[in-house]
Amino acid sequence: MDQIKIGEFLKELRKEKGFTQEQLAEQFNVSRRSVSRWETGSNMPDLSILVDLAEFYNVDIKEIIDGARKSEMMNEEVKEVAVKMADYAVEQKSKLLIWVRRISLVGVVLMAIVLGLQSFDYKPGIGTFLCYAFSFLAFVIMVILSLYTNGLLEENSKRKKFVKGCKIFVLIVGVCVLSFIMKIMLVFVPVLFMETAPFNNQAGIEKYDKTKILEQYGGDISELFIFPDDTANMIDPTFVSSLKTGFFDTDGYIILQGTYNEEDYDAEIQRLSSIECTVDGITIGIKYDEESYAVPAYVAIDGLDYEYEYALLNEKNHTITYVLLSYPEYVDLREYEEYLKLDVDEYKIEDSWNQFSIYSRHYGDGVYIEYSDEK
């Protein structure tokens, strides 16, 4: 079947009749766009309309399908069979539409209930906002689908204003959704770029610069109070770090190790043991831990916001290892197992807000006070 040929034949018949596309559309209670699609061959009339077209143009249905004239009048018997076929098709289509209409109405009711429940218990946050926005979009789509399947969006002369209003409404919703998506993209594209950026890996004691580390990462990982200001008193110091600043936080680790003579070791132990911070008028001191690690440790942070900051004390050879972990990945730290907790499963924390830190204090109910030099 050559639809383009059929379209040209329908166009020729319309012109012979002296009708414009708009006049023909009104005659058959369809849109002008539908008539245009028939005549360009991009779409075909429904069977019931095809019968009416054949009668209107005084041609045989077979002539329309062939796209050429073959007889003067449509055979009455053929016309009767075609009409019955059209009626049968419409009846079957109507039975199917009944279920589609019912399902669409149920969908509208369910989406309305979902929106109501979300509005009743709405909690601010990007996740809940996205759920609410997409639920509203789904509700609009279900309403339009329900109106269409129930025949309320048929484009005829009596409902043109209503149809036009619906199109404007859909256009406005579409613009709002597109604007929302663009705003989300402006946020998430930089996030994706930062989160997929490589880690900045450094090794060698000449790379250790506490001031520089504080300037670059201090706002995210901690004040780094337990790390020494310099390595002048250390013997054979080593330093490694692997850090990446993401959109929300800094991930990675810093490990500094050095051996002291007995006098400097005692002085450093004295410095570590006296570390404390005052948060909201409450002084929090560093924690001495003899159980969690292979050697005793002074702990400044133990899992708060998935951060760990501690100093490991090897009293036999006067060696101190300073460690900072932010969102630690055990797989990435296998070569540093001796500096980790004896039970690595302790790094799997469900609620990090209630963990220990000298730099902050959690009062519950979302009240969280953090140490700052400005206080």
Any residue meeting side-chain contact (heavy atoms from CB on, under 4.5 Å) with Glu276, in chain and number order, not counting sequence neighbours: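 So Glu276 forms a side-chain contact (heavy atoms from CB on, under 4.5 Å) with Thr283.
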
Residue list, side-chain contact (heavy atoms from CB on, under 4.5 Å) with Phe199, at least two apart or on another chain: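 Only Asn201, Ser242, Lys244, Asp251 meet the side-chain contact (heavy atoms from CB on, under 4.5 Å) criterion with Phe199.
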
side-chain hydrogen bond (donor to acceptor under 3.5 Å, both in side chains) partners of [X], counting only residues at least two apart:
X	answer
Ser36	none
Asp264	Asn261
Ser241	none
Arg361	none

Side-chain touch Phe239/Ile254, heavy atoms, less than 4.5 angstrom: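 Phe239 vs Ile254: side chains touch.
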
Contacts of Lys348 that satisfy salt bridge (charged side-chain N to carboxylate O under 4.0 Å, His left out) - sequence neighbours left out: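 So Lys348 forms a salt bridge (charged side-chain N to carboxylate O under 4.0 Å, His left out) with Asp345.
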
Short side-chain donor-acceptor distance under 3.5 Å, Gln355 and Tyr306: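 Result is no, nothing qualifies.
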
Inter- and intrachain pairs under side-chain hydrogen bond (donor to acceptor under 3.5 Å, both in side chains), touching residues 227-240, at least two apart: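 As it turns out, the side-chain hydrogen bond (donor to acceptor under 3.5 Å, both in side chains) pairs with a partner in residues 227-240, which skip direct neighbours, are Lys210-Asp229.
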
Can you give the donor-acceptor pairs under 3.5 Å from side chains of residues 266-273 to other protein atoms, not counting sequence neighbours?
unit_1	atom_1	unit_2	atom_2	d
Glu268	OE1	Arg271	NE	3.1
Glu268	OE2	Arg271	NE	3.2
Glu268	OE2	Arg271	NH2	2.6
Glu268	OE2	Tyr322	OH	2.7
Arg271	NH1	Phe225	O	3.3
Arg271	NH2	Ile226	O	2.8
Ser273	OG	Ile269	O	3.1
Ser273	OG	Gln270	O	3.0

For Tyr253, all residues meeting ring-ring contact (aromatic ring centres under 6.0 Å, His included), sequence neighbours excluded: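 Tyr253: ring-ring contact (aromatic ring centres under 6.0 Å, His included) contacts with Tyr336.
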
For Tyr288, ring-ring contact (aromatic ring centres under 6.0 Å, His included) partners two or more places apart: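 If we apply the ring-ring contact (aromatic ring centres under 6.0 Å, His included) test to Tyr288, skipping adjacent residues, the hits are Tyr298.
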
Pair listing, salt bridge (charged side-chain N to carboxylate O under 4.0 Å, His left out) test, anchored in residues 287-298, at least two apart: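 Qualifying pairs: Lys287-Asp302.
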
